[in-house]
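What follows is a set of notes on a single structure, which appears directly below.
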2 protein chains.
Amino acid sequence: MELDLVDKQLVKLLQEDCKKTTKHYADMLQLSKTAVYERIRRLERTGVITQYVALVDKKKLQKDFTVLCHIRLVQHTKDNVLRFEREVLKLEEVSECFHVGGDYDYILKINVADMKSYREFMLTKLTTINNIGNTQSSFVISEVKNTPSVHIG
Amino acid sequence: MELDLVDKQLVKLLQEDCKKTTKHYADMLQLSKTAVYERIRRLERTGVITQYVALVDKKKLQKDFTVLCHIRLVQHTKDNVLRFEREVLKLEEVSECFHVGGDYDYILKINVADMKSYREFMLTKLTTINNIGNTQSSFVISEVKNTPSVHIG
DNA sequence: ATAAAAATAGAATTAATATCTAAAATATAA
DNA sequence: TTATATTTTAGATATTAATTCTATTTTTAT
């Protein structure tokens with residue numbers, strides 16, 4: 001599917017705020033409500049837009065302590081890799097998980113309340129997963145964001 | 001503000017899909033439309049919910065190539081740090097930026113089309129920012145996600 | 001136990017989405 | 001180029017959902 005300039009502008013608007021009225025986007029883009037409505041439907045139908053979600057204030061939910069945890073596996077057989085990924089996804093503290101090349105095998109973004117919770121998470125959850133070699137925790141001092149944020153699904 | 005169990009369930013539902021009708025959430029939670037409506041308003045008003053956004057398919061937007069780029073600064077004075085952060089935020093390829101402790105100073109999540117674009121990004125954009133020491137790029141082989149995703153704002 | 005405050009349900013209103021029809025713009029084929 | 005088909009758009013209408021309102025219930029504090 002080919003996105004024209006208007007589509008791209010519309011996607012960007014929806015990435016910043018998806019709850020405005022169709023008329024609002026229509027005014028921004030100098031189009032009629034129907035035109036915008038149909039474009040949005042098409043973006044959904046063709047899978048460009050995958051989800052509409054609420055974003056929350058980490059601090060308010062006591063998940064303000066972020067760590068980027070680098071993980072090396074011991075063995076890299078397919079079975080081991082798949083089992084690791086399956087186990088990791090069960091942990092609600094893991095908000096992102098990347099299988100990467102280079103120094104480490106995985107980089108996880110962990111969100112918890114504080115250092116104490118992180119220690120607890122490491123000892124009772126993460127390190128109980130088999131096949132983890134060593135880990136290196138990069139503690140997040142601050143998250144640098146632009147406003148309004150454009151989130152990549 | 002204190003969140004009760006129903007609030008937490010509601011937040012989770014909204015983090016998975018914020019475009020269902022109030023009635024839908026009401027049915028899920030065994031409450032009336034008004035009850036859910038007022039709870040959502042309160043979550044917004046008190047800043048628990050910060051944003052409603054559309055998530056997009058990276059592949060469809062040709063931003064399917066993800067790199068976690070680790071960066072060391074040369075100097076760590078306040079001015080240098082602030083300037084670096086300001087410059088980094090101007091780059092649309094940077095979808096997340098964390099100031100971290102440990103081995104490196106910053107970890108950036110970069111989204112571009114392919115390796116060629118990444119090279120171009122590094123040469124013509126990132127490394128033109130002053131005060132960058134060295135970088136280490138962790139190329140993402142795959143992103144491990146649970147469905148439906150609960151995204152942390 | 002009682003009063004005050006907060007939360008909830010259900011009805012009424014307002015406003016938005018979704019649908020329909022026709023017109024305009026764009027692309028396609030002769 | 002001209003005619004035809006396809007897509008996109010605008011405007012009107014119908015449908016559905018959000019919002020507001022009032023009364024009732026539940027919770028909280030005294």
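What you see is a predicted model, and the numbers here were worked out from it, not measured in a lab. Just so it is clear: chains get the letters A, B, ... in the order the sequence lines come, proteins before strands, and each one is counted from 1.
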Note to self: Categorize B/Thr34 for me: base, sugar-phosphate, or nothing, with a 4.0 angstrom heavy-atom threshold over every strand shown.
What the structure shows: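 Base contact.
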In whole angstrom, give the distance that lies between atom [atom1] of [X] and atom [atom2] of [N].
X       : N      : atom1 : atom2 : value
A/Leu29 : D/dT9  : CG    : C1'   : 14 Å
A/Leu10 : D/dT9  : CG    : C1'   : 15 Å
A/Ile40 : D/dT9  : CD1   : C1'   : 15 Å
A/Leu31 : C/dA23 : CG    : C1'   : 16 Å
B/Asp4  : D/dT26 : CG    : C1'   : 13 Å
A/Lys19 : D/dA17 : NZ    : P     : 13 Å
A/Arg39 : D/dA10 : CZ    : C1'   : 14 Å
A/Leu43 : D/dT8  : CG    : P     : 11 Å

Margin query: Counting the benzene-type ring for Trp, do A/Phe84 and A/Tyr106 have ring centres under 6.0 Å apart?
Written below: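 Yes.
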Check: Do B/Glu87 and B/Lys90 sit within salt-bridge range, that is, some charged N less than 4.0 Å from a carboxylate O?
Finding: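 Counted as a salt bridge, because a side-chain N and a carboxylate O are separated by less than 4.0 Å.
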Looking at [X], does any N or O in its side chain come under 4.0 Å of the phosphate oxygens OP1/OP2 on [N]?
X       : N      : answer
A/Tyr37 : C/dT17 : no
A/Thr22 : C/dT17 : yes
A/Arg42 : D/dT9  : no

Notebook entry, point to check: Do B/Glu44 and B/Tyr52 have side-chain N/O donor and acceptor atoms under 3.5 Å apart?
Noted result: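 The answer is yes; a qualifying pair exists.
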Note to self: With heavy-atom distances below 4.5 Å as the criterion, would you say the side chains of A/Leu126 and A/Ile132 are in contact?
What the structure shows: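 Yes, their side chains come closer than 4.5 Å.
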Check: Should A/Glu93 and A/Asn111 count as side-chain neighbours, where that means a heavy-atom distance under 4.5 Å?
Finding: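 They are not in side-chain contact.
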Notebook entry, point to check: Between C/dT17, D/dT20, C/dA9, which nucleotide gets closest to the side-chain atoms of B/Arg41?
Noted result: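 Of C/dT17, D/dT20, C/dA9, D/dT20 is nearest to the side chain of B/Arg41.
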Notebook entry, point to check: Of all the choices, D/dT20, D/dA10, C/dA7, which nucleotide is nearest to the side chain of A/Ala35 once you look at every atom?
Noted result: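 Comparing D/dT20, D/dA10, C/dA7 against the side chain of A/Ala35, the answer is D/dA10.
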Next item on the list: For A/Thr21 and for A/Glu38, locate the closest nucleotide of DNA chain C by heavy-atom distance; then report the residue assigned to the nucleotide nearer the 5' terminus.
Entry: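 Whichever sits nearer the 5' end wins; that is A/Thr21.
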